[in-house]
There are 2 protein chains.
Amino acid sequence: MRQAPAAFQRGHDHDQCVHDALNAAIVHCRQEGTRLTPLRRKVLQAVWRSHVPLGAYEICDALVAHGERVLPPTIYRALEFLENNGLVHRMASRNAFIGCNQPGAHHHGRYLICSACGLVAELPAGDNMDRFIAEAHALNFEARSVRVEAVGLCAACAAGGDSGP
Amino acid sequence: MRQAPAAFQRGHDHDQCVHDALNAAIVHCRQEGTRLTPLRRKVLQAVWRSHVPLGAYEICDALVAHGERVLPPTIYRALEFLENNGLVHRMASRNAFIGCNQPGAHHHGRYLICSACGLVAELPAGDNMDRFIAEAHALNFEARSVRVEAVGLCAACAAGGDSGP
DNA sequence: AGACAAAATGTTACATTGTTGCAATTCTTT
DNA sequence: AAAGAATTGCAACAATGTAACATTTTGTCT
């Protein structure tokens, strides 16, 4: 059996995850010439600090808890920037956002969402994604963005029967 | 080149589509022992009459236009029934519902959504869906529901050259 | 540095989408 | 017909997302 995706591993050093993600984002934006402003950084940080996808209003709350007063339009604008730059992904089935650990504008994504604990793992686009796009192409459909959201049970929740960490 | 999915074919007899879908739903519910009440039938009909996915409030409007006064909670309950019975699907990326022409509780679905005209085609679950589920399983994730939503251009819109909403 | 233009953020108000809780009705079963 | 379950109606509300415009910050040019 292969190793579980990082997001499903309990007990990892999440502060380190957040730290690494922020650094990667800073480097990425410098390379791209885009501006990861303090606000955008705080929003990205809030998203990363959570183990589960955060809704826009939850991000508001998280920032308020850190002493920042930020209102919805500002959050949505920051999220738009972050998503356009491939730093966060929107989980359509949950109206929530999760950090992406492979910065860069992604049009395709595959996610495993645990229905018990809410954790999300992002899988790299693989062969079957290519095959799907080819299949669509054979039907004369030009796929520009393909999102796969699988809901189920992660190993820990399937074993424990609990509802997560 | 294979044939385009029915939903992308212009000029088909859509009244017939709706009629057939309603009949199939009636048969399906009779077989399953579930109750396709007049209200649920009207909601299903409204969904089918539209070529593009309809939001819950658009369904309200459509029913009002047909002289039926129905409020959101009622719509959502009807949609819940219809979705549980595999008669409609919710497009998460659009907060909207589309009719399913293969009644039965589906946990998996693959959709091609044209960003220009909004038409949606449902593809049958195929090999690559199975492969994805197997891939998730190899990661110790038990996928119970897999939804693939591909946004792009259908043949007609690609030919027309517009880029849509 | 100073002035200007562009980008980003703040703020108010509002639009859309979805839910809760309870009352009234309808259907099924006995 | 009567009891119980399922369905629908309804009012109020919660959650999510956006438009429009004011203000501030940043980058660039002289």
Side-chain angles (χ1 to χ4, degrees), chain A residues 25-26 29-47 50 52-85 87-98 118 149, chain B residues 25-26 29-30 32-47 50 52-85 87-98 118 149 165:
Chain A
I26 289 168
C29 287
R30 188 154 43 214
Q31 285 173 349
E32 297 290 318
T34 55
R35 298 175 49 202
L36 189 62
T37 63
L39 170 69
R40 290 165 177 170
R41 184 161 28 229
K42 285 168 197 159
V43 170
L44 181 57
Q45 203 168 25
V47 169
S50 169
V52 300
L54 282 189
Y57 281 71
E58 290 175 311
I59 295 171
C60 281
D61 295 344
L63 292 186
V64 167
H66 276 258
E68 307 280 344
R69 173 181 152 81
V70 187
L71 295 174
T74 303
I75 295 286
Y76 281 103
R77 282 187 292 231
L79 287 170
E80 184 185 14
F81 169 87
L82 294 171
E83 192 168 29
N84 286 340
N85 287 274
L87 298 169
V88 303
H89 292 302
R90 177 189 167 83
M91 312 300 302
S93 64
R94 307 220 147 192
N95 294 339
F97 297 83
I98 188 94
E149 298 189 16
Chain B
I26 289 167
C29 287
R30 187 155 44 214
E32 297 290 318
T34 55
R35 297 175 50 205
L36 189 62
T37 63
L39 171 69
R40 290 165 177 169
R41 183 161 26 227
K42 285 169 199 160
V43 170
L44 181 58
Q45 202 168 25
V47 169
S50 169
V52 300
L54 281 189
Y57 281 71
E58 289 175 311
I59 295 171
C60 281
D61 295 344
L63 292 187
V64 166
H66 276 258
E68 306 281 342
R69 172 180 152 82
V70 186
L71 294 174
T74 303
I75 295 286
Y76 280 104
R77 283 186 293 232
L79 287 171
E80 184 185 12
F81 170 88
L82 294 171
E83 192 168 29
N84 287 341
N85 288 273
L87 298 170
V88 303
H89 292 302
R90 177 190 167 84
M91 312 302 300
S93 65
R94 306 220 146 192
N95 295 337
F97 298 83
I98 188 97
E149 297 189 16

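Just so we're clear, the structure is a prediction, and the values are computed from it rather than from any experiment. Atom set for the values below is all heavy atoms of this structure, side chains included, hydrogens, waters and symmetry mates excluded. Letters A, B, ... mirror the listed sequences (proteins, then strands); counts begin at 1.
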Expressed as a whole number of angstroms, how long is the span from [X]:[atom1] to [N]:[atom2]?
X	N	atom1	atom2	value
Glu83(A)	dG17(D)	CD	P	11 Å
Tyr76(B)	dG9(D)	OH	C1'	17 Å
Leu71(A)	dA13(C)	CG	P	12 Å
Asn84(B)	dA6(D)	CG	P	14 Å
Met91(A)	dT16(D)	CE	P	16 Å
Asp61(A)	dA15(D)	CG	C1'	12 Å
Asn95(A)	dT16(C)	CG	P	17 Å
Ile59(B)	dG18(C)	CD1	P	10 Å

Heavy atoms only, 4.0 Å cut-off, all strands: where does [X] land among base, sugar-phosphate and nothing?
X	value
Arg94(A)	nothing
Arg41(B)	nothing
Leu39(A)	sugar-phosphate
Thr37(A)	sugar-phosphate

Base of dG18(C), side chain of Arg77(B) - is there a donor-acceptor contact under 3.5 Å?
no
Suppose we call a contact any N or O donor and acceptor under 3.5 Å apart; does that hold for the side chain of Arg35(A) and the base of dG27(D)?
no
Distance-only, no hydrogens or angles: does the Glu83(B) side chain make a donor-acceptor pair with backbone N or O of Arg90(B) under 3.5 Å?
yes
Least distance between heavy atoms, [X] atom then [Y] atom:
X	Y	value
Val47(B)	Phe97(B)	CG1-O, 3.9 Å
Gly118(A)	Arg94(A)	CA-NH1, 4.2 Å
Ala46(A)	Leu54(A)	O-CD1, 3.5 Å

Ring-on-base stacking dT16(C) with Tyr57(B) (under 5.5 Å, under 30°)
no
Taking the nucleotide of DNA chain D with the nearest heavy atom to each, does Pro72(B) or Ala96(A) sit closer to the 5' end?
Pro72(B)
Check the phosphate of dT7(D) against Arg40(B), side-chain N and O only, distance under 4.0 Å to OP1 or OP2. Yes or no?
yes
I want to check one thing: is the phosphate of dG9(D), taken as OP1 and OP2, less than 4.0 Å away from some side-chain N or O of Thr74(B)?
yes
For the atom pair CG (Leu63(B)) and NZ (Lys42(B)), what is the distance rounded to the nearest 0.5 Å?
8.0 Å
